[in-house]
Amino acid sequence: MLLEVNQVQMYFGGIKALDGVDVAIQPGTIHAVIGPNGSGKTTMFNVITGFYKPTSGKIHFNGIDITGEKPHFIVEKGMARTFQTLRLFPHMTVMENVVVGRHTRIRESFWRAAIRSRSTIKEEKGAYEKAEQVLDLVGLIDKRHQLANSLAYGEARLLEIARALASDPQLLLLDEPAAGMNPSETKQVMELVKQLCQKGLTIILVEHDMKAVMAYSDVVTVLDHGKKLAEGTPEEIQHNEHVISAYLGKRRGQQHA
């Protein structure tokens with residue numbers, strides 16, 4: 001398994017945001033995490049990526065114990081993420097926003113960078129070349145010199161994905177990448193997710209658009225009140241009575257997507 005989340009608990013005072021969650025992520029898959037609002041989806045992302053230190057439990061990535069490690073350490077090991085709300089640098093260009101995502105792969109010291117050494121210039125050139133590659137991949141290469149705040153909402157979402165890709169991750173966590181998008185934009189971002197997976201990237205996806213989840217995911221984990229309610233293929237989840245009752249909102253005998 002690329003990522004193993006073992007019996008993770010996350011308490012905020014008396015609130016159990018995660019209560020003994022187990023999740024195992026296979027390489028080269030799109031693994032969706034769904035559940036009602038407040039079920040613990042984003043908390044799980046924050047625990048996995050080092051923004052929260054879990055109350056208990058273990059997280060292993062590529063066989064390395066990353067439990068409670070800092071976010072920059074986890075990014076260096078090959079994990080990247082996006083957020084529910086946009087976190088771009090609005091007054092920097094599209095290109096500059098992506099180059100920022102490359103910072104964990106920059107090895108030059110401050111002083112060598114200050115004197116503009118030959119190795120610094122080479123590394124900087126490599127960072128911009130990588131930024132161009134990922135911008136071309138997400139379809140924003142023609143807008144690389146525009147300010148980030150000039151982008152349409154859907155383009156800004158794609159820019160966040162591009163910035164995450166700049167760190168060369170093995171595992172990409174996408175927190176509601178299609179939030180606020182129309183059906184055409186949603187299809188565009190989900191086709192990009194599929195393309196990334198076909199290139200060998202493993203993806204964990206939190207998304208409320210159930211049509212997108214069921215159409216593009218290999219495995220679906222369902223959380224409810226901080227616990228894992230069910231896990232399986234999209235087809236298995238669609239026919240799981242506990243999931244239907246707790247989340248999908250359909251009664252037995254009704255057709256469900």
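Since this is a predicted model, take the numbers as computed values, not measurements. Excluded from the calculations below are hydrogen atoms, water molecules and symmetry mates; all remaining heavy atoms, backbone and side chain alike, are included. Count residues from 1 along the sequence.
Around atom CD of Gln198, more than 12 heavy atoms belonging to other residues, nucleotides or ligands sit under 6.0 Å away. For His225, the NE2 atom is loosely surrounded, since the number of other residues' heavy atoms within 6.0 Å does not exceed 12. More than 12 heavy atoms of other residues, nucleotides or ligands shown are found within 6.0 angstrom of CD on Gln146.
For Phe51 and Phe83, the ring centers sit closer than 6.0 Å to each other. Annotation: Tyr52 is in aromatic contact with Phe12 [ring centroid separation under 6.0 Å].
Taking all atoms of both residues into account, the shortest heavy-atom contact from Leu3 to Met79 is CD1-CE, 4.1 Å. Minimum interatomic distance between Tyr11 and Lys16 (heavy atoms only, all atoms of both residues): CE2-CG, 3.3 Å. Of all the heavy atoms in Met181 and Val189, the pair that sits closest is SD-CG1, 4.0 Å. Across every non-hydrogen atom of Leu159 and Leu140, the tightest pair is N-CD1, 3.7 Å. Of all non-hydrogen atoms in Gly40 and Leu18, the two that sit nearest each other are O-CD2, 3.5 Å. Annotation for Ser39 and Leu223: closest pair CB-O, 3.4 Å, computed over non-hydrogen atoms.
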Task: From CA spacing to verdict: side-chain contact (heavy atoms from CB on, under 4.5 Å), Asn62, Lys77 - done: CA-CA 9 Å; Asn62 260 335; Lys77 295 302 177 185; over 6 Å; no

Task: Lys130/Val98 under side-chain contact (heavy atoms from CB on, under 4.5 Å): CA gap, chis, key distance, verdict - done: CA-CA 9 Å; Lys130 179 66 178 182; Val98 177; over 6 Å; no

TODO: Applying side-chain contact (heavy atoms from CB on, under 4.5 Å), run through Ile66 and His60 and close with a yes or a no.
DONE: CA-CA 6 Å; Ile66 61 168; His60 288 84; over 6 Å; no

Task: Candidate pair Lys228 and Val222, rule side-chain contact (heavy atoms from CB on, under 4.5 Å), full reasoning - done: CA-CA 6 Å; Lys228 186 167 80 171; Val222 185; over 6 Å; no

Open item on the list: Using the rule given for side-chain hydrogen bond (donor to acceptor under 3.5 Å, both in side chains), can you reason through Glu207 versus Tyr216, listing the C-alpha separation, both sets of side-chain angles and the distance that settles it, and then say yes or no?
Closed with: CA-CA 11 Å; Glu207 182 53 60; Tyr216 289 91; over 6 Å; no

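Remark: Glu155 engages Lys143 in a salt bridge, criterion side-chain N to carboxylate O under 4.0 Å. Here Lys58 pairs with Asp65 in a salt bridge; the nearest charged N to carboxylate O distance falls below 4.0 Å. Salt-bridge annotation for Lys41 and Asp175: absent, with no side-chain N of the basic residue lying under 4.0 Å from a carboxylate O of the acidic one.
A continuous path of hydrophobic side-chain contacts links Val206 to Ile74 [ILVMFWY only; heavy atoms under 4.5 Å]. Grouping the Ile, Leu, Val, Met, Phe, Trp and Tyr side chains by contacts below 4.5 angstrom, directly or via other members, places Ile64 with Val47. Val8 and Leu171 fall within a single hydrophobic cluster, where Ile, Leu, Val, Met, Phe, Trp and Tyr are joined by side-chain heavy atoms under 4.5 Å apart, directly or via other members. Under the 4.5 Å side-chain heavy-atom criterion for ILVMFWY residues, no single connected hydrophobic cluster contains both Met92 and Leu86. Ile203 and Leu173 are assigned to two separate hydrophobic clusters, defined by single-linkage of ILVMFWY side chains at heavy-atom distances under 4.5 Å.
Atom CG of residue Leu165 and atom NZ of residue Lys199 lie 10.5 Å apart, to the nearest 0.5 angstrom. To the nearest 0.5 angstrom, Gln133 atom CD is 15.0 Å from Tyr128 atom OH. From Asn240, atom CG reaches atom OG of Ser245 across 10.0 Å, with rounding to the nearest 0.5 Å. Put simply, CD on Glu96 and CG on Leu147 are 8.5 Å apart, with the number rounded to the nearest 0.5 Å. The structure places NZ of Lys53 at 8.5 Å from NZ of Lys70, a figure rounded to the nearest 0.5 Å. Leu88 CG to Arg157 CZ: the interatomic distance, rounded to the nearest 0.5 Å, is 9.0 Å.
A distance-only check finds no donor-acceptor pair linking the side chain of Ser217 to the backbone of Met214 [under 3.5 Å]. With hydrogens and angles disregarded, no donor-acceptor distance shorter than 3.5 Å links the side chain of Glu132 to the backbone of Glu129. Arg102 places a side-chain N or O within donor-acceptor distance of the main-chain N or O of Ala166, the cut-off being under 3.5 Å.
Side-chain contact between Ile161 and Leu192 is present, with at least one heavy-atom pair separated by less than 4.5 Å. Between Cys197 and Thr202, every side-chain heavy-atom pair lies at or beyond the 4.5 Å cut-off. Met95 places a side-chain heavy atom less than 4.5 Å from the side chain of Leu135. Side-chain atoms of Leu205 and Pro177, non-hydrogen and from C-beta on, do get closer than 4.5 Å to each other. Using a 4.5 Å cut-off on side-chain heavy atoms (C-beta onward), Asn182 and Lys187 make no contact. Contact of the Val243 side chain with the Asp224 side chain is not registered, since no non-hydrogen atoms from C-beta on lie closer than 4.5 Å. Within the 4.5 Å cutoff, the side chain of Glu4 has no heavy atoms near those of the Ile59 side chain. Put simply, the side chain of Ile141 reaches to within 4.5 Å of the side chain of Arg144, judged on heavy atoms.
Between Val5 and the choices Thr67, Ile48, Asp22, the side-chain contact (heavy atoms from CB on, under 4.5 Å) rule is met once, by Ile48. Only one option out of Asp19, Val21, Ile15, Thr43 pairs with Met10 in a side-chain contact (heavy atoms from CB on, under 4.5 Å); it is Thr43.
At a cut-off of 3.5 Å, with distance as the only test, a side-chain donor of Thr221 or His31 sits close to an acceptor on the other residue. Inspection of the Glu185 and Tyr153 side chains reveals no N or O donor paired with an N or O acceptor under 3.5 Å. Defined by atom type and a distance below 3.5 Å, a donor-acceptor pair is missing between the side-chain atoms of Gln9 and Thr55. No hydrogens or angles considered: nothing links the side chains of Asn97 and Arg87 as a donor-acceptor pair under 3.5 Å.
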